[in-house]
Novice: 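Below is a structure I'd like to ask you about.
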Amino acid sequence: MKRSEKEQIVADVTETVSRSTGMYFTDFSGLTVEQATELRRELRKSGIEYRVVKNTLIKKALEQATGYDKVYDKLVGPTGVAFAFEDAVAPARVIEKFIGKHHKLSLKAAVLEKQVYDGSKLKEIAKLPSKKELMASIVGCIQSPLAGVPT
């Protein structure tokens with residue numbers, strides 16, 4: 001791979017990192033091509049971008065974005081990154097479901113709003129409510145006292 005190609009990849013990943021609300025670093029070793037395709041398809045359905053990039057290039061992109069120092073030590077071995085843009089928790093649900101079905105994928109680390117979580121926290125992250133669910137519960141709480149007031 002030429003230097004200009006690497007620089008373009010780093011620029012693309014840096015831009016994607018800056019737009020994302022959540023990133024999930026996975027170890028995809030042991031997946032068959034069919035399983036990897038299934039994973040990508042499920043992530044895409046939820047509006048999640050999944051990329052496999054060399055660890056050194058991901059690290060350079062994270063360095064340019066700043067604030068991701070705690071992720072660097074997780075960039076070992078085959079790494080795929082799921083980028084969430086709308087719902088930061090959606091990839092956790094898809095990945096957890098996929099792991100339950102195939103038992104081959106593992107989560108190295110998750111980054112939600114620049115907060116780094118270890119891969120062992122996947123189940124807790126997957127249980128978090130989505131942004132839409134939180135907004136709906138807030139609106140429900142605001143409206144509930146008004147419902148009991150006589151007009």
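These numbers come from the heavy atoms of this one structure, side chains and all, not from hydrogens, waters or symmetry mates. Note that the structure is a prediction, hence the values are computed from the model and not measured.
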Novice: Should Tyr68 and Tyr117 be counted in the same cluster of Ile, Leu, Val, Met, Phe, Trp and Tyr side chains packed under 4.5 Å apart?
Specialist: no
Novice: Determine yes or no for a side-chain-to-main-chain donor-acceptor pair under 3.5 angstrom, with Thr66 supplying the side chain and Glu63 the backbone.
Specialist: no
Novice: Determine the minimum heavy-atom distance between Leu112 and Ala88, stating which atoms define it.
Specialist: CD2-O, 3.3 Å
Novice: For atom NZ of Lys114, decide whether the heavy atoms of other residues, nucleotides or ligands shown that lie under 6.0 angstrom number more than 12.
Specialist: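 Enclosed: over 12 neighbouring heavy atoms sit under 6.0 Å from NZ of Lys114.
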Novice: Testing the basics here: between Pro78 and Ser29, what is the closest heavy-atom pair and its distance to 0.1 Å?
Specialist: CG-CB, 3.8 Å
Novice: Could you go through the side chain to side chain contact (heavy atoms under 4.5 Å, CB included) check for Met1 and Ile9 one step at a time?
Specialist: CA-CA 11 Å; Met1 186 180 298; Ile9 290 171; 3.7 Å; yes
Novice: Group every Ile, Leu, Val, Met, Phe, Trp and Tyr by side-chain heavy-atom contacts under 4.5 Å, then state whether Val13 and Val52 land in the same group.
Specialist: no
Novice: Do Thr37 and Arg41 come close enough that some side-chain heavy atom pair is under 4.5 Å?
Specialist: yes
Novice: Report whether Leu122 and Val116 are members of the same hydrophobic cluster (ILVMFWY, side-chain heavy atoms less than 4.5 Å apart, transitive linking).
Specialist: no
Novice: Within the side chain of Thr26, is there an N or O that forms a donor-acceptor pair under 3.5 Å with the backbone of Ser106?
Specialist: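 No, the answer is negative, given that no donor and acceptor are paired below the 3.5 Å cut-off.
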Novice: What is the distance from atom CG of Asp118 to atom CG of Leu107, rounded to the nearest 0.5 Å?
Specialist: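 Interatomic distance, Asp118 CG to Leu107 CG, rounded to 0.5 Å: 8.0 Å.
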Novice: Does a side chain donor of either Lys108 or Thr79 reach within less than 3.5 Å of an acceptor in the other side chain?
Specialist: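 Looking only at side-chain atoms, Thr79 and Lys108 do form a donor-acceptor pair, the distance falling under 3.5 Å.
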Novice: For the side chain of Thr32 and the backbone of Gln35, is there at least one donor-acceptor N/O pair under 3.5 Å apart?
Specialist: yes
Novice: Give, for atom CG of Leu43 and atom CD of Glu38, the distance between the pair rounded to the nearest 0.5 Å.
Specialist: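 Leu43 atom CG to Glu38 atom CD measures 10.5 Å (nearest 0.5 Å).
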Novice: Checking Gln64 side chain against Ala61 main chain: does a donor-acceptor pair fall under 3.5 Å?
Specialist: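 Flag not set: sc Gln64 to bb Ala61 has no pair under 3.5 Å.
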Novice: Quick check: closest heavy atoms across Gly77 and Asn55, and the distance to 0.1 Å?
Specialist: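 Taking every non-hydrogen atom into account, O-ND2, 2.8 Å.
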Novice: Assigning hydrophobic clusters by single linkage (Ile, Leu, Val, Met, Phe, Trp, Tyr; side-chain heavy-atom cutoff under 4.5 Å), is Met23 placed with Tyr50?
Specialist: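 No; Tyr50 is not reachable from Met23 via cluster members.
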Novice: Is Leu39 linked to Tyr24 within one hydrophobic cluster, defined over Ile, Leu, Val, Met, Phe, Trp and Tyr using a side-chain heavy-atom separation of less than 4.5 Å?
Specialist: yes
Novice: Could you tell me the separation between the CZ atom of Arg40 and the CG atom of Leu31, rounded to the nearest 0.5 Å?
Specialist: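 Arg40 atom CZ to Leu31 atom CG measures 10.5 Å (nearest 0.5 Å).
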Novice: Would one find more than 12 heavy atoms of other residues, nucleotides or ligands at under 6.0 Å from atom CD of Glu15?
Specialist: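 Count over threshold, so yes.
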Novice: Kindly give the heavy-atom pair with the smallest separation between Ala110 and Ile125, and that separation in Å.
Specialist: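 Looking at all heavy atoms of both residues, the closest pair is CB-CD1, 3.8 Å.
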Novice: Test side chain to side chain contact (heavy atoms under 4.5 Å, CB included) on Asp12 and Arg51 and set out the steps.
Specialist: CA-CA 11 Å; Asp12 290 346; Arg51 296 186 65 176; 3.8 Å; yes
Novice: Between the side chain of Lys121 and the main-chain N/O of Ala109, is any donor-acceptor distance below 3.5 Å?
Specialist: no
Novice: Tell me, with the steps shown, if Glu42 and Lys45 meet salt bridge (Lys or Arg N to Asp or Glu O under 4.0 Å).
Specialist: CA-CA 5 Å; Glu42 291 301 315; Lys45 283 181 189 176; 3.3 Å; yes
Novice: Parallel, tilted or perpendicular for Phe85 and Phe83, by the 30°/60° rule?
Specialist: parallel
Novice: How long is the span from the CG atom in Leu62 to the OG1 atom in Thr14, to the nearest 0.5 Å?
Specialist: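 Interatomic distance, Leu62 CG to Thr14 OG1, rounded to 0.5 Å: 8.0 Å.
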Novice: Would you give the length of the straight line joining atom CD of Glu49 to atom CZ of Arg19, rounded to the nearest 0.5 angstrom?
Specialist: 6.5 Å
Novice: Closest approach of Leu57 and Val53, non-hydrogen atoms and distance?
Specialist: CB-CG1, 3.7 Å
Novice: Quick one: does any side-chain atom of Glu96 pair with a main-chain N or O of Arg93 as donor and acceptor, under 3.5 Å?
Specialist: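 Absent.
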Novice: Rounded to the nearest 0.5 Å, what separation is found between the CG atom of Leu105 and the CZ atom of Phe28?
Specialist: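 Interatomic distance, Leu105 CG to Phe28 CZ, rounded to 0.5 Å: 9.5 Å.
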